[in-house]
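Below is one structure, written out as structure tokens; the observations come after it.
Because only heavy atoms are used, hydrogens play no part in the values below, and waters and symmetry mates are left out as well, while side chains stay in. Numbers restart at 1 for each chain; the letters A, B, ... are given by sequence-line order, proteins then strands.
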There are 2 protein chains.
Amino acid sequence: MKLGEGVEAAIHCAAMLAGVDGNSTMSGAAMAEAFGLSPSYLLKHLNQLTAARILESVPGPAGGYRLARAAERITLLDIVLAVEGREPAFRCGEIRQRGPIKLDASAYVKPCGINTAMLKAERAYRAALAETKLSDIVANYAAEGDPRSIAASCAFVERHQRPQKSASSKQI
Amino acid sequence: MKLGEGVEAAIHCAAMLAGVDGNSTMSGAAMAEAFGLSPSYLLKHLNQLTAARILESVPGPAGGYRLARAAERITLLDIVLAVEGREPAFRCGEIRQRGPIKLDASAYVKPCGINTAMLKAERAYRAALAETKLSDIVANYAAEGDPRSIAASCAFVERHQRPQKSASSKQI
DNA sequence: GGACTGTTACTCGGATAAATGATGTCCGAGTTAACTTGG
DNA sequence: CCAAGTTAACTCGGACATCATTTATCCGAGTAACAGTCC
């Protein structure tokens with residue numbers, strides 16, 4: 001029951017990317033610098049977000065990352081699942097049928113009650129994460145964050161975002 | 001976001017211990033055999049449950065483990081926290097103040113909104129786990145489990161449980 | 001025959017190695033901007 | 001002066017070491033039952 005450190009970085013980066021203009025991008029190196037992280041390692045997590053269609057990557061000079069869709073359509077669950085994997089935290093190893101009292105398969109058609117209960121809890125966890133959109137994070141930060149911190153963040157974004165010449169609308 | 005394998009073993013053992021009579025005990029070796037696990041390693045998890053006051057251990061010959069309180073008063077959350085640790089899965093490393101835009105401490109009195117959202121989800125997870133009592137697991141198994149499996153489990157318990165001569169009521 | 005004592009075998013408990021996964025780093029493929037050069 | 005070609009630098013992407021956590025194991029401390037012995 002421990003989430004990797006990359007989840008925090010991924011969410012912070014996504015929130016920062018929500019502040020860049022339309023089709024502009026921000027390089028992974030800039031975000032790594034903003035949070036004091038290893039650039040090469042942050043790329044690993046950003047690539048996971050890209051593979052999950054949450055971010056888009058633009059190669060070449062003046063390239064970088066950008067949200068693949070509006071912040072209102074990105075939930076914390078999307079990000080967590082992209083970084084940590086989609087499989088549930090509790091994996092039933094069916095140890096009830098690993099001992100000497102192993103019956104034939106017809107006795108284990110019903111799912112393990114323990115597994116059911118654990119998965120129910122995990123559904124609650126994911127539902128709570130799905131309720132929070134990335135735009136909520138940004139809005140909450142804009143509303144309740146310290147004004148100096150907001151100003152510093154906006155200044156950093158303004159300084160490091162790289163506008164793109166074309167491709168303002170990307171059809172998939 | 002991955003729970004250790006010991007959680008499953010711990011819950012199964014607790015459920016099995018819920019089937020032993022009053023003050024009888026069952027040895028860790030017996031439970032390890034029942035689930036095909038390494039006896040020495042299972043002891044590690046059982047000790048964690050003992051340290052968390054969920055189980056009681058009786059040393060010596062005819063010793064073993066026993067529930068420390070009624071199954072109605074043990075929740076899945078108790079077991080999970082005992083094995084996996086009590087700290088939340090998401091630990092906010094405050095990476096927002098690790099970069100070059102570090103303001104003075106007065107700008108970070110408000111908790112990080114991301115941390116708040118993640119902890120809210122974790123509260124939902126723990127609440128769902130707290131709703132399920134160990135007695136519910138046992139009752140559900142008795143009601144919906146395969147009759148042959150129930151009979152085999154009961155026979156195993158009957159064969160391996162060790163009644164205690166005295167100390168029927170233990171005051172702490 | 002009963003009670004005490006020493007032994008013994010069984011239990012838990014913690015200290016000690018191996019393995020898996022997470023973390024961190026490096027170098028290469030690809031792409032686009034800028035520069036150079038010719039018209 | 002303009003445009004095409006070339007260069008070059010910057011980007012992402014994946015392959016390669018390093019470290020921590022989890023998993024697994026072994027041996028020792030402790031305890032209660034059991035057998036033997038004395039009263």
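- When only modelled atom types and interatomic distance are considered, B/Asn47 and B/Thr50 share no side-chain donor-acceptor pair under 3.5 Å.
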Scan nucleotides 9-12 of chain C against the protein and return all N/O pairs shorter than 3.5 Å with their distances rounded to 0.1 Å.
{"residue": "C/dT11", "atom": "O4'", "partner": "B/Gly60", "partner atom": "O", "Å": "3.1"}
{"residue": "C/dC12", "atom": "OP1", "partner": "B/Gly28", "partner atom": "N", "Å": "3.1"}
{"residue": "C/dC12", "atom": "O3'", "partner": "B/Ser57", "partner atom": "OG", "Å": "3.4"}

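- Residues forming a side-chain hydrogen bond (donor to acceptor under 3.5 Å, both in side chains) with B/Glu84 (at least two apart in sequence, or on another chain): none.
- Here the P atom of nucleotide D/dT23 and the CG atom of B/Leu37 are 12 Å apart, to the nearest Å.
- Judged by distance alone, the side chains of A/Ser153 and B/Arg96 never bring a donor and an acceptor atom under 3.5 Å apart.
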Scan the side chains in residues 111-125 of chain A for donor-acceptor partners under 3.5 Å anywhere in the protein, sequence neighbours excluded, and list what turns up.
{"residue": "A/Thr116", "atom": "OG1", "partner": "A/Cys112", "partner atom": "O", "Å": "3.1"}
{"residue": "A/Glu122", "atom": "OE1", "partner": "A/Ala89", "partner atom": "N", "Å": "3.0"}
{"residue": "A/Glu122", "atom": "OE2", "partner": "A/Ala89", "partner atom": "N", "Å": "2.8"}

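- Environment of CZ in A/Arg69: crowded, with over 12 heavy atoms of neighbouring residues, nucleotides or ligands closer than 6.0 Å.
- Among the protein residues, A/Ser40 comes within range of the nucleic acid bases, having at least one heavy atom under 4.0 Å from a base atom.
- Evaluation of the side-chain hydrogen bond (donor to acceptor under 3.5 Å, both in side chains) rule for B/Ser149 yields B/Tyr141 as partners, not counting sequence neighbours.
- B/Leu49 has its CG atom 14 Å from the C1' atom of C/dG13, to the nearest Å.
- Here B/Glu33 pairs with nothing under the side-chain hydrogen bond (donor to acceptor under 3.5 Å, both in side chains) rule; sequence neighbours left out.
- Atom CG of B/Leu42 and atom C1' of D/dT22 are 15 Å apart (whole Å).
- Residue A/Glu33 contributes atom CD, which lies 12 Å from atom P of D/dT11 at whole-angstrom precision.
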Review item, nucleotides 19-23 of chain C N/O atoms under 3.5 Å of protein N/O:
{"residue": "C/dT23", "atom": "OP1", "partner": "A/Glu5", "partner atom": "N", "Å": "3.1"}
{"residue": "C/dT23", "atom": "OP2", "partner": "A/Tyr41", "partner atom": "OH", "Å": "3.3"}
{"residue": "C/dT23", "atom": "O5'", "partner": "A/Tyr41", "partner atom": "OH", "Å": "3.3"}

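- By the 4.0 Å N-to-carboxylate-O rule, A/Lys133 lies too far from A/Glu72 to be salt-bridged with it.
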